[in-house]
Amino acid sequence: MTKQTLNVIFTICIFIVFVWAAVTALAFSRLAQFFPLYVSIAGSLVSGIYLVKEVAKIMKQKEKDSHPKVLIVKPIIYIGWIVGYVITISLVGLFVASTIYLIAFLLIESKFTFVKALYSTGIALVIITVLSNLLNIAWPQSVLLGL
């Protein structure tokens, strides 16, 4: 599957979401439907125009074999990182999971040095702590630690 084909499939999905949101917004009360309806209509128009443009561009191209194939392994690896992070959050809590995830990700994927990974993780944890105190956020509870 080529990048252009994936782009068209993604654009179709986005178009469907915007149309569905516009239809759903019609069931809202008159005052409540204003913003979601007009944003959905605008999104439908823009994604529809882009979809037509991309399909026309693909139809004009005659050399279909010259496109490189899309590599699927790298996105799956990143999805694995995110799934692992979410699972770790549920097991040990947000702060411990963020520490483990950030250090591991920065060392393995970003090729940071250990000192830079610790420094970046420290900054991220300080930001999480400050935001959680300012906004009074209830972070997910951990299963193993009972926090």
Mind listing the closest non-hydrogen atom pair of [X] and [Y] along with its distance?
X	Y	result
Ile82	Tyr101	CD1-OH, 3.9 Å
Ser44	Ser47	O-OG, 3.3 Å
Phe114	Ile103	CE1-CG2, 4.5 Å
Leu106	Ser120	CD1-CB, 3.6 Å
Phe112	Leu107	O-CD2, 3.4 Å

Subject >> Gap between atom CG of Leu94 and atom OG1 of Thr99 - 0.5 Å precision >> reply: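 If we round to the nearest 0.5 Å, Thr99:OG1 and Leu94:CG are 8.5 Å apart.
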
**OP:** Any chance you could measure Glu109, atom CD, to Lys74, atom NZ, to the nearest 0.5 Å?
**Re:** 4.5 Å

Using the rule that two of Ile, Leu, Val, Met, Phe, Trp, Tyr join whenever any of their side-chain heavy atoms come within less than 4.5 Å, decide whether [X] and [Y] are in one cluster.
X	Y	answer
Ile41	Phe28	no
Leu26	Ile16	no
Trp20	Ile9	no
Leu91	Val96	yes
Ile77	Leu102	yes

Subject >> 4.5 Å side-chain heavy-atom contact, Trp81 and Ile108 >> reply: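 SC-SC contact between Trp81 and Ile108 confirmed.
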
**OP:** Apply the side chain to side chain contact (heavy atoms under 4.5 Å, CB included) test between Leu131 and each candidate in Asn133, Ile128, Thr129, Ile127; give the one that qualifies.
**Re:**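 Of all the options given, the one that passes is Ile127.
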
Subject >> Residue that, paired with Phe15, satisfies side chain to side chain contact (heavy atoms under 4.5 Å, CB included) out of Ile12, Val19, Val17, Thr11 >> reply: Val19

**OP:** Tell me yes or no: between the side chains of Ser98 and Tyr85, is some donor less than 3.5 Å from an acceptor?
**Re:**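 Their side chains do contain a donor-acceptor pair, which is all the 3.5 Å distance test asks for.
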
